[in-house]
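The structure appears below as structure tokens.
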Amino acid sequence: MSQNCAVILAGGQGKRMKSDMPKPMFKVLGEPMLEWVIKACEEAKINNICIVKGFNSNIIEEYINSRYKTVLQEQRLGTGHAVMQSNDFLKEYIEGNTLVLCGDAPFIDNETIENSLDYHQSKDNSVTVITSVVGNPFGYGRIIRSNNGITAIVEQKDANEEEQKICEINSGAYWFKTKDLLKSLEELKPNNSQGEYYLTDTVSIVIGMGLKADAFASQNSNVVLGANDRKGLNMLNQVARMDVINKHMENGVNFVCTDGIIIERDVVIGANTEILPGTILKGNTVIGENCVIGPNCLIENTKVGDNTKLNYVQAYESVIEDNVKIGPFVHIRPDSHIKSGCKIGDFVEVKNSVIGNNTAVAHLTYVGDSDVGSNVNFGCGCVTVNYDGSKKARTTIGDNAFIGCNTNLIAPVTVGNGAYTAAGTTVTKNVPDNALAIERGEFKIKEDFALRKLKKRHKD
Amino acid sequence: MSQNCAVILAGGQGKRMKSDMPKPMFKVLGEPMLEWVIKACEEAKINNICIVKGFNSNIIEEYINSRYKTVLQEQRLGTGHAVMQSNDFLKEYIEGNTLVLCGDAPFIDNETIENSLDYHQSKDNSVTVITSVVGNPFGYGRIIRSNNGITAIVEQKDANEEEQKICEINSGAYWFKTKDLLKSLEELKPNNSQGEYYLTDTVSIVIGMGLKADAFASQNSNVVLGANDRKGLNMLNQVARMDVINKHMENGVNFVCTDGIIIERDVVIGANTEILPGTILKGNTVIGENCVIGPNCLIENTKVGDNTKLNYVQAYESVIEDNVKIGPFVHIRPDSHIKSGCKIGDFVEVKNSVIGNNTAVAHLTYVGDSDVGSNVNFGCGCVTVNYDGSKKARTTIGDNAFIGCNTNLIAPVTVGNGAYTAAGTTVTKNVPDNALAIERGEFKIKEDFALRKLKKRHKD
Amino acid sequence: MSQNCAVILAGGQGKRMKSDMPKPMFKVLGEPMLEWVIKACEEAKINNICIVKGFNSNIIEEYINSRYKTVLQEQRLGTGHAVMQSNDFLKEYIEGNTLVLCGDAPFIDNETIENSLDYHQSKDNSVTVITSVVGNPFGYGRIIRSNNGITAIVEQKDANEEEQKICEINSGAYWFKTKDLLKSLEELKPNNSQGEYYLTDTVSIVIGMGLKADAFASQNSNVVLGANDRKGLNMLNQVARMDVINKHMENGVNFVCTDGIIIERDVVIGANTEILPGTILKGNTVIGENCVIGPNCLIENTKVGDNTKLNYVQAYESVIEDNVKIGPFVHIRPDSHIKSGCKIGDFVEVKNSVIGNNTAVAHLTYVGDSDVGSNVNFGCGCVTVNYDGSKKARTTIGDNAFIGCNTNLIAPVTVGNGAYTAAGTTVTKNVPDNALAIERGEFKIKEDFALRKLKKRHKD
């Protein structure tokens, strides 16, 4: 097992977010920024992770849910102080290297982590600052390079005119030799009147010890990005949103117009599929090839096959197979399985049901808690009555059945293979194969009803 | 009462809009530009307002509806001529100052008005031009400053090379000492062969009288923005749209992606609420905290409580309380009141109804002109039959009632507390508390119907 | 008949699209790029067209469907080789001029074609390269001009420092004297080790023959745009999308926010109509004046009159007349005709039906295969039962009829003028004028049902 480890600083508040949420818990494309950072570590095979929590620490604790060690920074006295809280954790990995990351800088990536570690080790550095070269360095700590590594990180407010022109900046992520980190934390002194300990000061401490400080410039200039307010968070989302969309374009996915399209980063989409505006794809959604998804679909944790068209569809936790056509205005609720060749038309809800191959549910129908065969035809306005006010029950419909318009199927009930139900029938008993179930009340025509009604209205 | 007043020039046509609407009546974020200008005056406590109307003046007259004085500029002979039409109005306020504003420059703001008035008065100016310093001044009148005020406003076509480089431009808004304005209007001569009188010429007239002309540079560079065509109007909307969204972000409202989001400026949104793409919020809508609104909601003049989720909902002139979940695909029509804890599912319309606490209306149901108790459960496909072709009537449903699927409730009718209706029942009489209403026709199973049908089809 | 002709090069693959589609078949605003190029020729009255197909040529052949001559370039050995495949075609028009166009550069326009032909002929050029002056010429062939025409086209990789600064670039489109083109193709040699023949080399061949090569700079800098991958294709769509929207703005159409709006280029929209975000208008759709379309409408091949409002409507191959109000959440399927003054409310589907003047279909209703009179009122949940499992039939409803809620109309059936159907009735026979059709089952009230049910549940 690797002796390398990571400490993720997640104690910050983010006051300007106007929220009780710790800043690293704010979401970018549906996932907390902290999760982005954790995933980057995991992808780089850094699995010894310690998360330093602070502001409203219980929220982070619940979110992490014992996946990784967390330590509490009770008083928030700077980044150096935050790392000190993980001293016990660090001592377990004292022979290796420690990666320090900001829990609210979500775009650190495994390649940067791996390449900077390689560099850190090959140069035998005590500390390697992960940096980025940016167009506008204003506000960031500037990297002062020497012939052999770096000599300092100069903050904006301390930078002279020459230093202000430096475009290589501190991302806030570092690799340390763990034992040198522990030593330099011992030397760290509060930097200002508030008594805060800054992690950047370890760089000069390390140099003062005669050890080597160096910098690794990431190719990914987004590694420096963070957010202090909702506008910044919106910008991070925008960056991530277009990165994901561009990645799908490279894979052959088609986008006429990307407006309002949000695709979370674990979503998989096959080549030649077209995503139309306003479509949101979430969670572990997988979309096949040659599909048309949108406009305005919202799909979450759902598997969609090939050659399927979804138009104004919301689908959750379901499976939709190949050559299916759904929409517009359809709601597929969890645990539904729509098999190949189905057609589902407008104003239909499907919930916790299997819909067999080539079945048609054309309009204004609710299919819930049902097992529907193949080649079934639903008329308009059909309802599977799955709840009697106290318990839920299932409906079973055989292959080739024909469910007449405005049929109520009172579950538990079975409609046999090839059976029919007449329009307007409330089906309270099982219908045998090939039978017709029909309910009819007394039917009357009252002649001249409208004329009498009119006369009456005039009399009133 | 203040002796200060405002004249708003609203006579223009806007030919390139291709419309019969006077230009100041074109809308930015749902309100006429003229209304933006009026509101800025009101917020700056300038309540003596005269609106100069011209092209299709009746439209402005109807819109203003006697809120403020309007005067007609019959022939449109320039901005100076327009102000002259308000002479009688100005004489009422002769001891004060007059603010002249363009009715089609919507982004004038109360702070600019107040600060420029302070400046105007403290400097004892006869005229104070409200200006803005912009990146690209091309096309605008340039401000020529002296040691003590300004010496001229030079139009684009008259500007020499040096003057063209000046980036401080005339916004078209001015403060005058009212009596000096009246005097200088008397001196104003038509400037060109069309006989047009330009208000800018009053600046040199004032200077010629030995009085002081000066300029106040607004911090808000949008004060100069106007629109001559639909593209310009779209740009004004875009500026206003992002201004409003940014203001909400500062208040802690979350936006993953702002595409297609239009929020009118009187809308109030609580912190930690998330607005998803394609959502339009209009009028006096108020949204609480911790809500999720969208994607694709359209909400108008509706009050929404805290912790409420609206997904593909249209709601008009209604109240939706806390902890409510609505959608997707729901239409809440005017005068509805959805109480706390309700769940309203897909393809539901509610109109002019009260829905009690924790009531569920899951799918494909119309609740109109109804008073529904708490903890009621509606099945699928229920209809409150509120119209018999001649008059509307109300439906009353007690607490804990259970309305079976495809029930028709023929109003006026009452379903008692805890009462049930069976699926497919047309309820024509009141249902007592805890009773069941059930309608059933003759139910038959016709065996082998499908086989006979098939045989018949083959014979045909 | 003109002796001028066009050769369109459409043999390319577009590997980075990750698709089996030939590159010119990828769509911009709903039409293959090849169709954009063909239409530009047609608008410029160039009707003798030969399309050179190559990669997956059958797809182009099927698409062209004998409208124009196609020739196959079996081996793809460069643009010069592609043109050679059309030799027989060219010989038919040997006395005229030949326009060579790229099938994947969709923004060539008829004005450029016509003006460049005028120039080509007036200058008596042998070849006229159509060029564009762009801000960033990197990657394109630079045009080397002399006092009298041009001397060369220098590719990026061959350009010296001076030549790299030239901003006039080759669009890939050319006019040739046809007989000079044929001669120079005979002289054309493979340019590289892959044995490819480049059409650009004909320029130096023509010059070598002592004939005149010249260039025509198009005012439309988009003529050079093409796409090699999905990102490029998205950019072409974005360019076309905003061009079309801007054109409609010039015509007086209003757009508050253009996000998610896609308007195909044959769509016609009247002045003062407003298009709201997320709206997609396709095919030969025509929208009248003073309409509000959107948000989120999807309209295809449909004619919409004046003063009509569509809110969240999908409509296909239909006619919607003046003063109609539809939505939200409505699906108008093909062959529907909605006459003046109709109101169609939420969750309604209309298919292959005529809806008469001022008829109201308020909610949750399906009208299919029906002829509906004027001033009809549909209640909620009505269904025209147009399919019995084997054949479709029509429903006829007279003027002023009143269709009660949850009525099933079993087609073929006629409801007479002024007739009523009672809520919950399944109408299986024709209803005479002014009559009422009513079906009622046995209606019972079971007192204390809920209490017994509760007791039973406790016993269970």
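No hydrogens, no waters, no symmetry mates; every other heavy atom, side chains included, goes into these values. A, B, ... follow the sequence lines: proteins, then strands. Residue 1 opens every chain.
A:R394 meets the side chain to side chain donor-acceptor pair (under 3.5 Å) test with A:D371; sequence neighbours excluded. Scanning for side chain to side chain donor-acceptor pair (under 3.5 Å) contacts around C:D388 gives C:S390, C:K391, with sequence neighbours left out. For A:H248, there are no side chain to side chain donor-acceptor pair (under 3.5 Å) partners at least two apart in sequence or on another chain.
The part of A:A362 that comes within reach of chain C is its backbone (N, CA, C, O), which places non-hydrogen atoms under 4.5 angstrom from that chain. Contact annotation for C:I280: only side-chain heavy atoms (C-beta onward) come within less than 4.5 Å of a heavy atom of chain A. Contact annotation for A:E250: only backbone heavy atoms (N, CA, C, O) come within less than 4.5 Å of a heavy atom of chain C. C:N430 touches chain A through its backbone: at least one of N, CA, C or O sits under 4.5 Å from a heavy atom, while the side chain does not. Within the 4.5 angstrom heavy-atom criterion, no atom of A:R452 approaches chain C. For A:N296, the part sitting under 4.5 Å from any heavy atom of chain C is the side chain, from C-beta outward, and nothing else.
Between C:F347 and A:F329 there is no side-chain heavy-atom pair separated by less than 4.5 Å. A 4.5 Å side-chain heavy-atom check between C:K429 and A:F443 finds at least one atom pair inside the cut-off. Contact of the C:Y420 side chain with the A:K446 side chain is not registered, since no non-hydrogen atoms from C-beta on lie closer than 4.5 Å. Side-chain contact between A:Y312 and C:Y312 is present, with at least one heavy-atom pair separated by less than 4.5 Å. Side chains of A:N254 and C:L233 form a contact here, defined as non-hydrogen atoms less than 4.5 Å apart.
A side-chain contact (heavy atoms from CB on, under 4.5 Å) with A:C380 is found for exactly one of C:V385, C:L364, C:V383, C:N386, namely C:V383. Checked options C:D259, C:T258, C:I262, C:I261; the residue passing with A:D259 is C:D259 (criterion: side-chain contact (heavy atoms from CB on, under 4.5 Å)).
With rounding to the nearest 0.5 angstrom, the CD atom of C:E442 is 11.0 Å from the CD atom of A:E442. Distance check, rounded to the nearest 0.5 Å: NZ of C:K27 to CD of A:E274 gives 8.0 Å. Here the straight-line distance linking atom CZ of A:F449 with atom CD1 of C:I438 works out to 8.0 Å at 0.5 Å rounding.
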task = Check step by step if side chain to side chain contact (heavy atoms under 4.5 Å, CB included) holds for C:D229 and A:M249.
result = CA-CA 8 Å; C:D229 54 20; A:M249 286 192 193; over 6 Å; no
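In summary, the side chains of A:N311 and C:Q314 do present a donor paired with an acceptor at a separation below 3.5 Å, with no hydrogens or angles considered. Using modelled atom types and a 3.5 Å distance limit, the side chains of C:R230 and A:N272 yield a donor-acceptor pair.
For residues 399-416 of chain A, a heavy-atom distance under 4.5 Å to chain C picks out A:F402, A:C405, A:N406, given by residue number.
Heavy atoms from other residues, nucleotides or ligands lying under 6.0 Å from NZ of A:K444 number 12 at most.
Note: C:R241 leads C:R16, C:Q238, C:R241, C:M17 in heavy-atom pairs under 4.5 Å with chain A. Among A:G381, A:A271, A:P328, A:G260, the residue making the largest number of heavy-atom pairs under 4.5 Å with chain C is A:P328. Note: A:R440 leads A:E439, A:R440, A:E447 in heavy-atom pairs under 4.5 Å with chain C. Among A:G389, A:P277, A:G278, A:A423, the residue with the largest count of heavy-atom pairs under 4.5 Å with chain C is A:A423. Contact count versus chain A (heavy atoms, under 4.5 Å) is highest, among C:V348, C:L436, C:T421, for C:L436.
A donor-acceptor contact shorter than 3.5 Å is absent between the side chain of C:N434 and the backbone of A:A450.
Considering all non-hydrogen atoms of both residues, C:A437 and A:I445 come closest at CB-CD1, 3.9 Å.
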